[in-house]
Structures are given as structure tokens and as C-alpha cells.
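Take a look at the structure set out below.
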2 protein chains.
Amino acid sequence: MAVRLKDIAQELGVSVVTVSKVLRGNSDIGDATRKRVLKRMKELNYRPNMLARGLANGRTYTVGLVVPDLVHPFFAECAKALGGVLRNSNRALILASSEDDPEIEKQEIRALISRGVDVLIIASCQSDLRSFRQLGDEVTPCILFDRNFPHLKAHFVGSDDTRVGELATEHLIKIGRKRIAHIGAKDTSPALDRLRGYRNALEKHDLASPSKYVVIRDRLEETGDLIGFEAMQQLLQLKSVPDAVFCYNDLTAVGATDAILQAGLRVPEDIALIGCGNFRYAKYLRVPLSSIDHGTAELGRITGELALDLSEKRERKPKSILVPPTLVARHSTVGDAARPKTKK
Amino acid sequence: MAVRLKDIAQELGVSVVTVSKVLRGNSDIGDATRKRVLKRMKELNYRPNMLARGLANGRTYTVGLVVPDLVHPFFAECAKALGGVLRNSNRALILASSEDDPEIEKQEIRALISRGVDVLIIASCQSDLRSFRQLGDEVTPCILFDRNFPHLKAHFVGSDDTRVGELATEHLIKIGRKRIAHIGAKDTSPALDRLRGYRNALEKHDLASPSKYVVIRDRLEETGDLIGFEAMQQLLQLKSVPDAVFCYNDLTAVGATDAILQAGLRVPEDIALIGCGNFRYAKYLRVPLSSIDHGTAELGRITGELALDLSEKRERKPKSILVPPTLVARHSTVGDAARPKTKK
DNA sequence: CTGAAAGCGCTAACAG
DNA sequence: CTGTTAGCGCTTTCAG
């Protein structure tokens, strides 16, 4: 195996403990010894064995993250920002993807706990609180991320999804649309909250929201384009076709765009479209997409900092952080008016 | 802390070793005892402490992956496929992002080795072989991924990038283009190989490749759109403007598209464009993008399997696996001809 | 300022 | 079939 503390200690004729103390910058070591030890460590390219350290002191300097889908731009971006924060504090990120399957998620959580992560961060796809409860171990601190369980008193970092729904819908109202539909997702807190926001906004402006205008679908994260396409086709069948749609996420909006164009209609002249996430390619699409930006990288950063906090001081009462969303208007709602204002 | 083997052993009046053996499915345990033990494990929701196990037997059932950028669709997709393979064999994936910075990469590799990963997978951004050599520990098996160091005898899994360059360029030639440019990247093996493939194809068809037609840029992975935009503008300045461009990756091609349209020219009528990576949104772009698909998920899968192999039997001579690329033609090269053939 | 002793939770090797 | 003995590499008392 690699170089161990023992090796260095023997070579230098000191004890393992002394070397260990130097390693961790403990102050009660003579200056001469300290220098000798440090020098030898460099030379031998010593790397502490984190397993042993973890076993000995109960901490692993490790954070586990479980997301439904790594390829999803939102989660990828968050994971990246999170990783950056952790790296600066010498923590490693262990990543697990649940493929949006509650069973896999459960398995992954078990695995992460087995590995002794100091903090667990989860964007859960469990549909009910009860199943979620059984997953933890009551000792590893846990941060709910993006998806909340309202009645669970746990740490949460996510966007203000009710506000997301309001912002999107109000924008559509502001550009004069009256028949506003929503293609939404199932069960998760962002889905429910965005729907609520959508309803809030309509109500506030005395607009109708016939139940046919709300289309709820599954698996919008991975195959949103296909589902959005199909859901939009359904909306196009209605006797009174909507003149605007608030889509659960950008990918869904992309699919919806396709359906509209394929039906020979125009975006936004006939139907305006807004998504959510403001993903990297939104401005390069066939129809540059208006979207609600929920500060993705920011979310990752904040989550990372909370994780660090939790791994230091275990107390801390449940804390809920909501990042406020912002509107980015592009062609899919405001048409050519987008050009001068938002670049491209 | 959590439930330990010892707890179960004491409760049941057997030894720790017995319980440990049951845990690992060791065959030399009586049926009655086994059942009792298993039952109690379930009840207590026992989770083995992987740190302790790793320390005791020298393996951690963990694989480390270092990529330049997690948000890049290529790496995200690969990481996902890789994670899937590992999960099925009860391995965890520890992910690190180097932000395309050789120093960070070095630091991350050290950290992963400290954590005792069984296998290390690296898409390295070191520009020279020498700096790379010093990173490893000569004992953790290592797989080079996507980016190779030709003269290093190590395991490699990646696409056949020379073929990528040939395929792209030959496609442009086949649709009748004569003045074919290339926007390429720096230093890494895919960059050099794709450039080589580009040159091979031109040479084979007796086409000129003036040096001004090759624009090499940095950081094409993260900000490819901006760089592609700027590089394309430079190509548009030439007295003899190219009639086709093979772009290093899709993001770069997206930026180039923008530059061309903004200059009042058409894609593909005036300038045809092909990218590489065939990313998820290629078909939804303003100009649906032709691209070379290098079997992203496949790459992840293969890498995962090789990693499993390596973590079992350490011998194994360096193995180099090249995945053959395929062409996906869309509007950006073949114009409306794309419609009937490739959907959308 | 330095070090000896004990132990983290688990497994490998060998005895009975 | 079951258990004893040792030890993985490091940290934590606590005594010198």
C-alpha cells in the first residue's frame, strides 16, 4: 500500500502520534520536529488514509447527494456548484442518481449512509412523506433539496415555486393572454407549488382556469420533450384552444413548441409559451424560450454552505431557504420585442 | 452511532465473526443461525459500515471519476451511464469536477486516492504526459477516459476521434463543399485527433486546407458558444469565406450558427455547419444541428464495466477501447432534405 | 512538548 | 459449523 504515518514515524524516529499531530496542525509540537515531519511528508507524497481517519473519529468529510437525474441541466448545474463549495473545504461529493425511481433512491440513501457521509442532500422522488421517513437513520443530518415535504421538519433549500408559477402566469397575463393553460408534473412539491402559483395568478386577475387547461403528466424531468409534445397536442384538440401555456420546465416547453409549429400555428402569435429553469440553450432554440430562472448555481452554493454548517455543528433547528425566481423574457412570449431588450 | 455487528452478535449470543459471515453470505454457517441473524439484521435495519469494511479488507467498493465539467452534456451523460453500471454492482461513484483546471484536477485526484477508490477514471485536462504521471500512486488502477495520452500505457476508453474528424469532414465534402474550415480545441487528444481526421479527409479528396481555415481555441467545453461565435466571426473576415465548418463540439457550432445568421448569411445554404456530440437539444435548435454522435451513454457503460473488471482482477494489460462514431445529418448541413430522412 | 495504550467496526486466517 | 486472535491506519485520551 501507500505511505503510512507509521512509515514516516519510524524513519524519523518519532512516534506515530507525533506525526499525526503534525498532519492535523495540532499546536503542541516542537517547531523542529514539525518541520522535519512536514518535509518528509512532502518528499514521500504522503496522503492520509481517509477511511482510517473516518473510522477513528466518526467523520468522513464526505457529503452525499441524491438527484433524480444527473443529465438534467438543473441538477447538473447544482451539483457542480455544490461540488465547488465542498472542494474548497476539502470535502468530497458522493453522487447518486435515483433515475426518478423511489426504490433506487431508497437503495442509494442506504448506501450513502453506510459510507458514513457527514451530510445527506436529497432531491427526493418519494411521493409521500411516510415512505421518506423510513429512509434516514435519525443521525445523519439531511437536507431536502428542490423538493420539499411540507410537514416534515427538516432543512430545505429550493426555489420559491409558488412564486415561480405566479411569475410565469402573470407574465402571460401581462402580454394580454386570456386562455392560459398549464402542463404540469405530478406529486412533487415543485409541481404542486407551481400549479398553485398558476392558479393564484389567474384568480387574482379574474381569469378562468377550466380544468381541461391543466394537463398533468409524469416523467417530465427525463423525457419532457416527448411528454410536452404529446400534452400540447392534447391541448390543441380543445374546442377553445389556449393562447398561452406555462410549462413545468424548459424541456417540456421545447416539446410543446414543436407540437404547435407542427400544427401550423405560430409561437408566440397564436400561442405563447413559457418554461422554467432557464437552461443554457434556451436562447438558441428554434423559438428562443422565455423562462423562469430559479438561480440554479445559487441554489447549489447555498446548499453546499448549509451542508458545511451541518457537518460542523450538529444542532441547528430546521432551516428553510427559498431562493426567489426571476423572469427571463424571450421570443416565445414577447416575440420580436425580445431582440432589443434581452440580447438574442 | 448506528447498529453494529457487535450489537447483533451480543443480542443473539453468537460471535461477531459469525454475524459478519452471514452478512457476506459466507457458506459455512448453519441454517438456523443464519436465519436468526438475518432476521435480526432486518429488524434493526442494520447497515454495514463501509469505512470499517474498507479499512479491513483494502477495498472500498468505490470508483472515482474526474471530469472537466459536470454540466457538459457529454460528461453528464457518461457519468449517469457509469453510475448505473456501478450501482448494479453495489459500487458508489465519487465524482469530482476539475473545472478544466490542471491544478484542481491534481488536487481532486489526490483526494480520491486518499479515499481509497478502487479505480480512478479520469478525463484529464493535463496538457502533457509528464505532469499526468506524477498524479497517480502507481497502485490504484486508472482508466483514461475521453482524453488519452498516446504514449502512456494505460487503459483508455474513448471515441475514435480521428474517425470523428473524417466522418464530419467527409460529410461536408459529400454535400459538395469545397472550402471547409475547422474550429478546434487545444492540446487534448480528442482535439488533435479530430483535427487529424479533418486533414485526412481533405487530403484524400484533394481539397485545400489553408492554415487560416483552422482556428484553434481554448475552453471550448464550458463556453463553447461564446468562443464559437467569436471564432466564426474571424472566419467570416477572410477574403475567401469558407462554405462549411466542422466545429469541435455542438456548443461551438451553436455559437457559430449565431455568428453566421447575425452576419446575414444562411445555414446551410451559404455555410454548412456540423458539430460533435449530438447533444439532446440538437434537433430543437434554431437551425437543427448535424452532428457526430460518439455514443455517449455507451462510453459510460463500457467504462463502468472496465472499472468493475479492474477492481476485481488487478493484473490486466492496458486495454484501449475506441467506440466508433456515427453521423447524424440535420438541417445545418443538408437543409430541408433532413425532414423526410431524419425526423425533425 | 512527546508518546503509550486503547479503540473505531469490520474481516482474514486459522483453530477447534 | 463456530469462534479466537490479530490487525487495517488513524485518532483520542492521558501520562510522562
Side-chain angles (χ1 to χ4, degrees), chain A residues 1-38 40-41 44-62 90 111 113-118 137 139-140, chain B residues 1-38 40-41 44-62 90 111 113-118 137 139-140:
Chain A
M1 273 291 270
V3 189
R4 294 154 307 163
L5 283 191
K6 204 206 294 195
D7 303 324
I8 300 186
Q10 279 170 352
E11 283 188 44
L12 266 42
V14 296
S15 84
V16 177
V17 179
T18 305
V19 182
S20 168
K21 282 178 173 165
V22 172
L23 175 61
R24 286 168 297 143
N26 210 316
S27 65
D28 62 351
I29 293 291
D31 222 43
T33 344
R34 149 165 290 120
K35 282 205 177 115
R36 280 204 309 147
V37 172
L38 284 177
R40 201 74 193 110
M41 277 184 176
L44 294 181
N45 191 19
Y46 170 74
R47 302 165 163 95
N49 179 326
M50 298 306 270
L51 291 187
R53 176 179 288 182
L55 189 57
N57 74 4
R59 302 184 46 196
T60 59
Y61 300 90
T62 264
N90 278 307
I113 290 179
S114 283
R115 298 203 131 80
V117 293
D118 294 334
D137 64 348
V139 41
T140 309
Chain B
M1 273 290 271
V3 189
R4 297 155 305 164
L5 283 189
K6 203 208 289 195
D7 302 325
I8 300 185
Q10 278 169 356
E11 285 189 43
L12 264 43
V14 297
S15 84
V16 178
V17 177
T18 305
V19 183
S20 168
K21 282 177 174 167
V22 172
L23 174 61
R24 286 168 297 144
N26 209 316
S27 65
D28 59 353
I29 294 289
D31 224 43
T33 345
R34 146 165 292 121
K35 284 209 175 108
R36 278 204 312 147
V37 172
L38 284 176
R40 201 72 193 112
M41 279 185 176
L44 295 181
N45 192 18
Y46 169 75
R47 301 164 163 94
N49 178 326
M50 297 307 268
L51 291 187
R53 176 180 287 182
L55 190 57
N57 72 5
R59 303 187 42 196
T60 60
Y61 300 90
T62 264
N90 278 306
I113 291 180
S114 283
R115 298 204 132 80
V117 293
D118 294 335
D137 65 345
V139 40
T140 310

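Below, chain A is the first sequence line, B the second, and so on; all start at residue 1. The basis for the numbers below is simple: all heavy atoms, side chains too, and nothing from hydrogens, waters or symmetry mates.
Partners of A:T62 according to the side-chain contact (heavy atoms from CB on, under 4.5 Å) rule, which considers only residues two or more places apart in sequence or in another chain, are A:T60, A:A92, A:I94, A:V117, B:R115. Residues satisfying the salt bridge (charged side-chain N to carboxylate O under 4.0 Å, His left out) test with B:R34, not counting sequence neighbours, are none. Legend: residues meeting salt bridge (charged side-chain N to carboxylate O under 4.0 Å, His left out) with A:K35, ordered by chain and number and at least two apart, are A:D31.
Once rounded to the nearest 0.5 Å, the distance linking CG of B:L38 with CZ of B:R36 reads 11.5 Å.
Among all heavy-atom pairs drawn from B:A52 and A:L55, the shortest one is CB-CD1, 3.8 Å. The two residues A:M41 and A:I8 come nearest to each other via the heavy atoms CG-CD1, 3.6 Å. B:Y61 approaches B:N57 most closely through the heavy-atom pair OH-ND2, 4.2 Å.
Regarding A:R59, its CZ atom lies at a distance of 17 Å from the P atom of C:dG9, rounded to whole Å. Computed from coordinates, the A:K6 NZ to D:dC10 P distance equals 10 Å when rounded to whole Å. Whole-Å rounding puts the B:D7 CG to C:dC8 C1' distance at 13 Å. Between A:D31 atom CG and C:dC1 atom P there is a gap of 9 Å when expressed in whole angstrom units. When the P atom of D:dT12 is taken as reference, atom CD1 of A:I29 falls 14 Å away, rounded to whole Å. Between the C1' atom of C:dC8 and the CG atom of B:L55 lies a distance of 9 Å, rounded to the nearest Å. The interatomic distance linking B:R47 (CZ) with C:dG9 (C1') rounds to 16 Å, in whole Å. Across the protein-nucleic acid pair, A:Q10 atom CD and C:dA4 atom C1' stand 15 Å apart, rounded to whole Å.
Comparing the end axes of the helix from C:dC1-D:dG16 to C:dG16-D:dC1, each fitted to five base pairs by superposing C1' atoms of four pairs onto the next four, gives an inter-axis angle of 40° (nearest 10 degrees).
When distances run from any side-chain atom of B:R4 to the nucleotides D:dC10, C:dG9, C:dT2, the shortest one goes to C:dG9.
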- prompt: Where along nucleotides 11-16 of chain C does protein come under 4.0 Å, by heavy atom, of base (B) or sugar-phosphate alone (S), with - for untouched nucleotides?
  reply: BBB---
Do any side-chain atoms of residues 13-25 of chain B form donor-acceptor pairs under 3.5 angstrom with protein atoms, and if so which ones, sequence neighbours left out?
residue: B:S15; atom: OG; partner: B:V17; partner atom: N; Å: 3.3
residue: B:S15; atom: OG; partner: B:T18; partner atom: N; Å: 3.2
residue: B:S15; atom: OG; partner: B:T18; partner atom: OG1; Å: 3.1
residue: B:S20; atom: OG; partner: B:R24; partner atom: NE; Å: 3.3
residue: B:S20; atom: OG; partner: B:R24; partner atom: NH2; Å: 2.9
residue: B:R24; atom: NE; partner: B:S20; partner atom: O; Å: 3.3

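Each of B:T18 and A:M50 was matched to the nucleotide of DNA chain D holding its nearest heavy atom; the match closer to the 5' end belongs to B:T18.
Between A:S15 and C:dA4 there is no side-chain polar atom (N or O) within less than 4.0 angstrom of OP1 or OP2.
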